[in-house]
Amino acid sequence: MKAYRASILRFDDAGNAVFDEDGYLLTGPDAKGQPVVRDVGAWTSFASLYPGVSVAHLPGRIIAPGFVDLHIHYPQTDVIGAPSAGLLPWLEDYTFPHESRFADEDYARAVAEVFLDELLRNGVTTALTFSTSHPQSVDAFFGASQARGLRMITGKCLQDRHSPDGVRDQTEQSLIDTENLINKWHNNGRLGYAITPRFAPSCTDAQLAGAGELAVRYRDVWIQSHVAENLDEVKWVRELFPKSRSYLAVYDDFGLMRERSIYAHCIHFDDDDRALMRRTGAAAAVSPTSNLFLGSGFFDYEGAQRIGYHYGLASDVGGGTSFSPFHTMLAAYYVGREGQTKPGLSLSPQNLWWQHTGGAAKALGLAGVIGNLQRGCEADFIVLNPKATPMLARKTSVARNLDELLFAMIVLGDDRLVERTVIAGQGG
Ligand code: GUN
Ligand code: ZN
């Protein structure tokens with residue numbers, strides 16, 4: 001067993017922060033040997049409960065749950081910052097040509113290593129990431145993740161139409177490849193598979209139907225896709241799928257909405273779409289830096305809260321502009337302030353942080369496993385140095401309460417704030 005003394009940030013089941021200014025975190029193996037949080041609480045009670053357990057004392061540091069990125073593209077690590085008129089030209093001009101390089105597994109593995117380095121430097125310990133349409137891009141990513149003991153989820157992109165040579169796949173083979181990859185990787189250690197139709201316009205009816213059949217046969221794999229991101233895209237989907245009530249309804253019509261399905265963006269929704277999200281248990285991956293960069297629009301927090309469906313935060317790199325959860329949380333705050341049809345929403349710092357940790361884990365169906373530091377959660381956590389930069393030091397030292405402390409870090413923080421990232425109890 002290993003114990004740490006520091007300030008400890010965690011969340012209750014409703015998403016309210018629990019903060020022990022002088023606290024302890026005790027980690028050790030569970031019954032299956034997986035390193036987990038064995039106990040957490042106020043330092044004053046530690047010595048009587050755990051005499052003889054040695055303690056790493058981290059004065060002035062905050063231990064917090066590792067961040068969970070609900071939607072990202074590892075193959076787009078080098079696409080960050082590609083300017084474009086909007087989503088569809090961005091895909092054609094930059095993203096598809098770049099992704100064609102991932103047919104080469106060695107290249108894919110090298111990018112996967114850079115991507116994982118970047119996630120960890122930024123304190124992200126689990127991501128639901130797209131791979132490309134090449135099965136070897138999935139093998140490369142899972143291989144790299146497994147070597148580091150990470151809990152990661154990915155899947156091979158399905159895109160059998162409206163995609164150029166080099167990334168377009170073949171309907172039948174794409175479904176065979178998906179099933180083989182599920183059998184090879186899903187629940188292999190900490191890894192999980194996601195059935196990954198890229199977005200409705202890139203998939204034929206036959207491919208979507210096949211994906212839906214796999215989603216029924218493999219109930220605990222994830223599903224990930226994009227929906228209602230951009231107005232040109234929404235119009236295109238209406239032309240391609242005239243029988244479906246809405247863009248989101250296309251996925252429902254093919255059996256692709258259920259718990260463990262994560263849809264990126266969810267911007268151009270009406271209340272029937274929101275009700276469909278709620279009824280099916282699907283979740284939105286809110287991607288504010290991407291939406292601002294590509295000019296896609298603003299996630300409607302008021303609508304999501306009013307109807308009540310699951311959502312969490314995501315970087316969506318390379319449409320998104322940063323790996324840093326602090327940048328993403330700040331962008332989400334801007335969207336809440338200025339991007340709403342009903343003005344005046346002010347997302348609290350505790351809620352923003354929850355959306356990128358425990359809330360994102362809940363959206364994935366992994367509440368109590370990752371994204372929190374309650375007893376039994378896997379021991380993936382970060383050590384923050386709130387004095388990492390001169391401005392952070394000034395601002396956090398005058399914080400009068402937890403909200404002010406969290407806000408200072410959200411507004412001023414980046415990878416410099418993350419002193420260490422501990423994976424499965426290792427690295428601390
Ligand atoms: N829609 C289909 N593919 C993509 C992608 O790679 N990025 C984003 N942001 N939207 C998409
Ligand atoms: Zn995306």
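In listed order, ligands and their atoms are each counted from 1. Just so you know, these numbers come straight off a predicted model, no measurement behind them. Throughout, numbering of the chain's residues begins at 1 and tracks the sequence. Quick note: numbers below take in every heavy atom, side chains included, and nothing from hydrogens, waters or symmetry partners.
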Asks: Using 0.5 Å steps for rounding, measure from the CZ atom of Arg38 to the OG1 atom of Thr27.
Replies: 9.0 Å
Asks: If you measure every N or O of Glu229 against every N or O of ligand 1, does any of those distances drop under 3.5 Å?
Replies: yes
Asks: Rounded at 0.5 Å granularity, tell me how far CZ in Arg278 sits from CD1 in Ile307.
Replies: 8.0 Å
Asks: Measuring from the Zn ion (ligand 2), name the closest N, O or S atom belonging to Asp316.
Replies: OD1
Asks: So, 2.8 Å as the limit: is an N/O/S atom of His265 located closer than that to the Zn ion (ligand 2)?
Replies: no
Asks: Answer yes when Asp104 and Arg101 have at least one side-chain N-carboxylate O distance shorter than 4.0 Å, and no when they do not.
Replies: no
Asks: Less than 3.5 Å apart, any donor N or O on the side chain of Asp160 or Thr204 sitting next to an acceptor on the other?
Replies: yes
Asks: Could a heavy atom of His265 be found less than 4.0 Å from some atom of ligand 1?
Replies: yes
Asks: Less than 3.5 Å apart, any donor N or O on the side chain of Glu229 or Asn291 sitting next to an acceptor on the other?
Replies: no
Asks: By atom name, which N, O or S atom belonging to His73 lies closest to the Zn ion (ligand 2)?
Replies: NE2
Asks: So which protein heavy atom does atom 4 (C) of ligand 1 come closest to, and at what separation?
Replies: His226 CE1, 3.4 Å
Asks: Would Tyr247 and Phe269 count as a ring-ring contact (aromatic ring centres under 6.0 Å, His included) if you check the C-alpha gap in whole Å, the side-chain angles of each, and the deciding distance to 0.1 Å?
Replies: CA-CA 9 Å; Tyr247 186 167; Phe269 267 11; 8.8 Å; no
Asks: Note the single closest protein heavy atom to atom 3 (N) of ligand 1, along with its residue, its atom name and the distance in Å.
Replies: Arg198 NE, 2.9 Å
Asks: Looking only at protein heavy atoms, identify the closest one to atom 7 (N) of ligand 1 and say how far it is in Å.
Replies: Trp90 CZ3, 3.4 Å
Asks: Does Phe130 come within less than 4.0 angstrom of ligand 1, counting non-hydrogen atoms of the residue?
Replies: no
Asks: Between Asp139 and Arg109 (salt bridge meaning N to carboxylate O under 4.0 Å), is one present in this structure?
Replies: no
